[in-house]
Amino acid sequence: MNTFAESPQQRWQDISTRIAQARTRSPLAAQEVTLVAVSKAQPAEAITPLLAAGQRVFGENKVQEANAKWPALREQYTDIQLHLIGSLQSNKAHEALALFDVIETVDRPSLVETLTKERTKNTGRCKQFLVQVNIGEEPQKGGVMPQDLAALLAFCHTHQLPISGLMCVPPADTTPAPYFALLHKLAKEHSLTELSMGMSSDFETAVRLGATSVRVGTALFGQRAA
Ligand SMILES: *Cc1c(COP(=O)(O)O)cnc(C)c1O
């Protein structure tokens, strides 16, 4: 049997159920876990069935692509919440603050400075910020190195950028659990409550280890066009 043969609504139901089950089995699990549907590289036609099913929280990794898709969908569904999960260039900060409700990829002092400056103009909708941690210390990956996290959080604090949690993408092709556990530990050390971790292949593990949101793309939408 092809496990991916169902409708988008059925996949959505299935993933929601799996999140709920993973949660009930683990003492570390959060009270509530938000499913962020990662709609990057998906056209509006792929997104509307999930909106019709009731999904309201979506993740995009590119500011421009998101700005081309979401304003029209927001006219129809006014309670959509958008998360930026890709790296943010400073020259797109203004646009990102206007479009996204949550920016999950704060990762360097220069970006903090730009976001703070833009926020003083008071025009954006974004109220929530997470710091992305390069949890596997991979040179090619975004995120602050774990050993630099404390300094970056202090910098955010002095710049009055409110950080509510941490986000990570563990190294590919290895067991993610130790990385999720480390992110959880770092968040606790800094009294941060939000933990964005877990994707299509490992969201149940992430939920068991305390994720408050999981970012699921292919398991919901199918493969992305390259
Ligand atoms: C693409 C992406 C996801 C979703 O990945 P899937 O494996 O398709 O579920 C989650 N988080 C980030 C940061 C991504 O770039």
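When a ligand or atom number is given, it counts from 1 through the structure's own listing order.
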Participant: Starting from atom 1 (C) of ligand 1, what is the nearest protein heavy atom, named by residue and atom, and what distance separates them?
Facilitator: Lys40 NZ, 1.5 Å
Participant: Looking only at distances, can you tell me whether any N or O atom of Asn61, backbone or side chain, sits closer than 3.5 Å to an N or O atom of ligand 1?
Facilitator: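 Between Asn61 and ligand 1 (N or O atoms, distance only) the closest approach is not under 3.5 Å.
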Participant: When you compare the side chain of Phe221 with that of Val38, does any pair of heavy atoms fall below 4.5 Å?
Facilitator: no
Participant: Does CD in Glu32 sit with more than 12 non-hydrogen atoms of other residues, nucleotides or ligands closer than 6.0 Å?
Facilitator: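 It does not: Glu32 CD has 12 such atoms or fewer within range.
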Participant: May I ask you to test the Leu97-Lys121 pair for a side-chain heavy-atom distance under 4.5 Å?
Facilitator: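 When only atoms from C-beta onward are counted, Lys121 and Leu97 do not touch, as no gap falls below 4.5 Å.
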Participant: Numbering the atoms of ligand 1 from 1, which are under 4.0 Å from a heavy atom of Arg215?
Facilitator: 4 (C), 9 (O), 10 (C), 11 (N), 12 (C), 13 (C)
Participant: Any idea which part of Thr218 is under 4.0 Å from ligand 1, heavy-atom wise: side chain, backbone, both or neither?
Facilitator: both
Participant: So if I apply the side-chain contact (heavy atoms from CB on, under 4.5 Å) rule between Leu149 and each of Val144, Asn134, Ile135, which one comes out positive?
Facilitator: Val144
Participant: Which heavy-atom pair separates Leu152 from Arg108 by the least distance, and what is that distance?
Facilitator: CD1-C, 3.7 Å
Participant: Which protein heavy atom lies closest to atom 9 (O) of ligand 1, and at what distance to 0.1 Å?
Facilitator: Ser200 OG, 2.5 Å
Participant: Counting only heavy atoms, tell me which of Gln223, Met199, Gln132 gets closest to atom 3 (C) of ligand 1.
Facilitator: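 Ranked by closest heavy atom to atom 3 (C) of ligand 1, first place is Met199.
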Participant: Testing Leu35, Val33, Val36, Val214 for side-chain contact (heavy atoms from CB on, under 4.5 Å) with Phe203, which one passes?
Facilitator: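 Option passing the side-chain contact (heavy atoms from CB on, under 4.5 Å) with Phe203: Val214.
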Participant: What heavy-atom pair brings Phe100 and His83 nearest, and what distance separates the two atoms?
Facilitator: CD2-C, 3.4 Å
Participant: I need the nearest protein heavy-atom contact for atom 13 (C) of ligand 1: residue, atom name and distance, please.
Facilitator: Ile85 O, 3.5 Å
Participant: For ligand 1, which atoms sit closer than 4.0 Å to a heavy atom of Val216?
Facilitator: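 Answer for ligand 1: 9 (O).
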Participant: At less than 4.0 angstrom from any non-hydrogen atom of Val169, what atoms of ligand 1 do you find?
Facilitator: 13 (C)
